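See structure below.
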There are 2 protein chains.
Amino acid sequence: MNAKPPTSLDVARLAGVSQATVSYVLTDRPGTRISDETRARVREAADRLGYVPHAGARTLRTGRSGLVLMSMEDLPYGPLAVGALEGLDRELSRRGYTLVQYGARRLRGVPAARAWAELRPVAVVAGAGKLSRQAVDVLRSAGVRAVVAIGNRPSAVVPSVVLDHAGVGALAAGHLIDRGCRRLAAVVPTETGLREMGEHRLAGALQAAQARGVPVTRADLPFREDGAAALLDLWRSVDGVFAYNDDYAMLLMAVLRDAGVAVPGDLRVVGCDDLPLAALLRPRLTTVRLDVSMAPSLIVQRLEELMEAGDSAAPDRIDPWTATLVVRESS
Amino acid sequence: MNAKPPTSLDVARLAGVSQATVSYVLTDRPGTRISDETRARVREAADRLGYVPHAGARTLRTGRSGLVLMSMEDLPYGPLAVGALEGLDRELSRRGYTLVQYGARRLRGVPAARAWAELRPVAVVAGAGKLSRQAVDVLRSAGVRAVVAIGNRPSAVVPSVVLDHAGVGALAAGHLIDRGCRRLAAVVPTETGLREMGEHRLAGALQAAQARGVPVTRADLPFREDGAAALLDLWRSVDGVFAYNDDYAMLLMAVLRDAGVAVPGDLRVVGCDDLPLAALLRPRLTTVRLDVSMAPSLIVQRLEELMEAGDSAAPDRIDPWTATLVVRESS
DNA sequence: TTGTACGCGTTATCAA
DNA sequence: TTGATAACGCGTACAA
């Protein structure tokens, strides 16, 4: 059976020194000088006991937890998001912070922000939807020094990382027009959680196309074959489609193939996300994607500024992630 | 600028009661009886101040953090894993625990297990690879009451949730044989992190096929078209392939199509994971998947048993996730 | 160079 | 029914 975890006092006793000395040795504070021999004794005692400092106690004493909270729900899954997350973890731990992912749904009747605040994190990163005015107030009053939203458009209350969906749409539309398309359609998914992104991408496509005198028809589409098939008349009336997504692009291409519409002969299709799978399609799929490689360092840099400055809560926006065109040309 | 977060003492002063009364009211402990009038005063004072209890202080005092740690790296991304994670979060918070995902890579030279131990979680769930004998010792001695590994095979040191990859392979092979295949191949991906799962799936396929007198050829494959194309002779020499994955299945089908091999006429292909995308393939893809719907409740149930029992550290195994055959028959 | 003493916010015990 | 007080483990100013 397990005894209670060893404390720094246990270490001190075993090493024959005081608790303070143990703390000095283990945190290696520059100001204090301890003899090498004592250091060694303390270190060995700590090792032998398997001593691990108590994060809660440290937080209580120092007033800083070093925790950066990120909500679990608000990031899309997929290789891209996971890569960005790992980058964030690396950047933060390099600077002595600890990234922690935390659920946003509390069942005990406690709102998410309150549950987060209990941990006294130094910073919180979450979807814009979770960061209402009052949620942020709760966090602020719990001592959180930096709050950053991630979303499709700038938050009104905190600095935000904005995903440049409009840029994606514009790039896709531009590509189609460059290839000679003169009547475009853009898919907007009907699934909750995707629709808003779809609308931002559509808006970007619209703007880019209008600037060049090309009309864009909006196509609201559930992720089902019959839904896509029902819009056959639309697909036949245009010569270029931005399919929102590689998934939707593949859905579309399957349906078009069944209907005898030639891709890219009769209709060009552009997807988004550059899924590895999409590269295997026949015919090949042209795809656009958000370049998130810079995101982790941008976010961390902004977080650090905010933590320095305290609460200059000006809801500015962080440079959006840029869209990259990956030409896997249908050939 | 922000003042320091309000404490229970602040609430007590504002309500004109003692700190202890505040604690009694807010935690609603059954043993104590406080007048309704006092309760109301305390509640209102807490609300007005935006009081949020300090998790660290509570942990320090009570000795229990209520935190369940899960390593961020060890779960495959994708809709399946995310669904399971959400289920876990729900189950745990229903019982008063808090699920927290935590990075496993520490750069300050601190091993992961030690960083975890600092938080004094009540339970840890991590990939079997991260839970070495000594890592578990560190956790145990820091008071962690339950440690569960997730992996492809049972851990030698802690109870484990075993993903039934062999069952997947067996199911796939059985399906192919039922459809009349007599010479099988099974793909083993060469990517690190996938290879081991591939080998377990292969082993299951082998065993099931041997029992019915059917040979299985192993095909080590990187996720690249030229790699798959280089094995054309193999694909031509068999009549059924278990492709490890829907992704690999699609890779294979693209290559086979280019080479003029008819699917399923000349060669049947079975994938795994039941990706939505796979349903759109032409010809349609037969796929197998792990049914993870029961996983969250199984894991939580086991965790609770372990936390009751303390350290009956017998490395037993939790019922594996079962494989489900999703017949999207190539028709 | 090292030890003493106090405080961080919370909860439990005991006394009123 | 409520209040005073101690204790949890750690970090650090100050004294020795």
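Fair warning: this is a prediction, and the values are worked out from it, not measured in the lab. Letters go in sequence order (proteins before strands), and every chain restarts at 1.
Taking atom CD of B/Glu37 as the reference point, atom P of D/dT1 lies 13 Å away to the nearest angstrom. Atom NE2 of A/His54 and atom C1' of C/dC8 are 13 Å apart (whole Å). We find that NZ of A/Lys4 is positioned 7 Å from P of D/dC8, with the value rounded to whole Å. Between the P atom of D/dG9 and the CG atom of A/Leu26 lies a distance of 16 Å, rounded to the nearest Å. Atom-to-atom, CG of A/Asp28 to P of D/dC10 comes out at 17 Å; the value is rounded to the nearest Å. The nearest whole Å value for the distance from the CG atom in A/Asp10 to the P atom in D/dC8 is 11 Å. Atom CD of A/Glu118 and atom C1' of C/dG9 are 13 Å apart (whole Å).
Along DNA chain D, the nucleotide nearest to B/Gln19 and the one nearest to B/Arg120 differ in position, and the one closer to the 5' end is contacted by B/Gln19.
For the pair A/Thr21 and C/dT2, the criterion of a side-chain N or O lying under 4.0 Å from OP1 or OP2 is not met. Contact check, B/Thr38 against D/dT2: a side-chain N or O comes under 4.0 Å of OP1 or OP2. Proximity of A/Thr7 to the phosphate of D/dG9: no side-chain N or O atom is located under 4.0 Å from OP1 or OP2. In this structure, A/Ser18 does not reach the C/dT2 phosphate: none of its side-chain N or O atoms is under 4.0 Å from OP1 or OP2.
Residues that satisfy the side chain to side chain contact (heavy atoms under 4.5 Å, CB included) test with B/Ser155, not counting sequence neighbours, are B/Ala149, B/Val157, B/Val158, B/Ser160.
Within the nucleic acid shown, A/Ser23 comes within 4.0 Å of at least one base atom, counting heavy atoms only. Among the atoms of the strands shown, none is found under 4.0 Å from any heavy atom of A/Val22.
A donor-acceptor contact closer than 3.5 angstrom links the side chains of B/Gln19 and B/Ser8.
For A/Glu118 and A/Arg114, the salt-bridge test passes: some basic side-chain N is under 4.0 Å from an acidic carboxylate O. Under a 4.0 Å N-O distance rule, the pair B/Glu86/B/Arg90 does not qualify as a salt bridge. With respect to B/Arg153 and B/Asp164, no salt bridge is recorded, no charged nitrogen being found less than 4.0 Å from a carboxylate O.
Where the helix from C/dT1-D/dA16 to C/dA16-D/dT1 starts and where it ends, the local axes point in directions that differ by 40°; five pairs per end, rounded to 10°.
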Could you give me the CA-CA distance, side-chain angles and deciding distance for B/Val162 and B/Asn152, then say whether side chain to side chain contact (heavy atoms under 4.5 Å, CB included) is met?
-> CA-CA 5 Å; B/Val162 179; B/Asn152 302 320; over 6 Å; no

Apply the test side chain to side chain contact (heavy atoms under 4.5 Å, CB included) to residues B/Val122 and B/Met307: give CA-CA distance (whole Å), side-chain angles for both, the deciding distance (0.1 Å), then the verdict.
-> CA-CA 8 Å; B/Val122 301; B/Met307 296 187 345; 3.8 Å; yes

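Residue B/Pro121 is tested with B/Leu139, B/Val144, B/Thr98 for a side chain to side chain contact (heavy atoms under 4.5 Å, CB included); the sole match is B/Val144.
Each salt bridge (Lys or Arg N to Asp or Glu O under 4.0 Å) pair with one or both residues in residues 9-22 of chain B, not counting sequence neighbours, appears once here: B/Asp10-B/Arg13. Annotation: side-chain hydrogen bond (donor to acceptor under 3.5 Å, both in side chains) contacts involving residues 43-54 of chain A, sequence neighbours excluded, are absent.
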Which pairs, protein N/O on one side and nucleotides 13-16 of chain D N/O on the other, fall under 3.5 Å?
from	atom 1	to	atom 2	distance (Å)
D/dA13	N6	A/Tyr24	OH	3.0

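Near DNA chain C, defined here as any heavy-atom distance below 4.0 Å, the residues from residues 56-68 of chain B are B/Ala57, B/Arg58, B/Arg61, B/Thr62, listed numerically.
One N or O on the side chain of A/Thr59 and one on the backbone of A/Ala55 form a donor-acceptor pair closer than 3.5 Å.
B/Val100 places none of its side-chain heavy atoms less than 4.5 Å from the side chain of A/Gln101.
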